[in-house]
Amino acid sequence: MNKRIEYLARQAGLKLDELPDEVYLPLEQFAQLVAQDCIDQCGGKGACIGAGMVKKTIIELYGIVKKE
């Protein structure tokens with residue numbers, strides 16, 4: 001799990017070390033999808049103020065590689 005996502009999960013009270021893979025892996029995928037959706041919302045059409053910077057920041061924070 002990306003360090004930033006792991007940090008936020010722990011902030012939310014999740015004890016990641018205690019979660020079984022059946023819970024941990026879907027949770028990790030969910031976090032990645034949320035971050036990807038943030039990137040997509042700011043894509044191409046100038047939907048967000050400073051969309052390029054917002055996308056760059058999300059990509060850097062969450063370690064997301066934009067799907068083409």
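With values rounded to the nearest 0.5 angstrom, Gln32 atom CD is found 13.0 Å from Asp37 atom CG. Between the CD1 atom of Ile5 and the CZ atom of Arg10 there is a distance of 13.0 Å, given to the nearest 0.5 Å. For the atom pair Phe30 CZ and Leu25 CG, the distance stands at 15.5 Å (nearest 0.5 Å). Residue Glu6 holds its CD atom at 10.5 Å from CG of Leu8, rounded to the nearest 0.5 Å.
For the side-chain contact (heavy atoms from CB on, under 4.5 Å) with Leu19, the lone residue among Asp17, Val23, Asp21 that qualifies is Val23.
The cluster map of Ile, Leu, Val, Met, Phe, Trp and Tyr, joined by side-chain heavy atoms under 4.5 Å apart, puts Val34 and Leu27 in different clusters.
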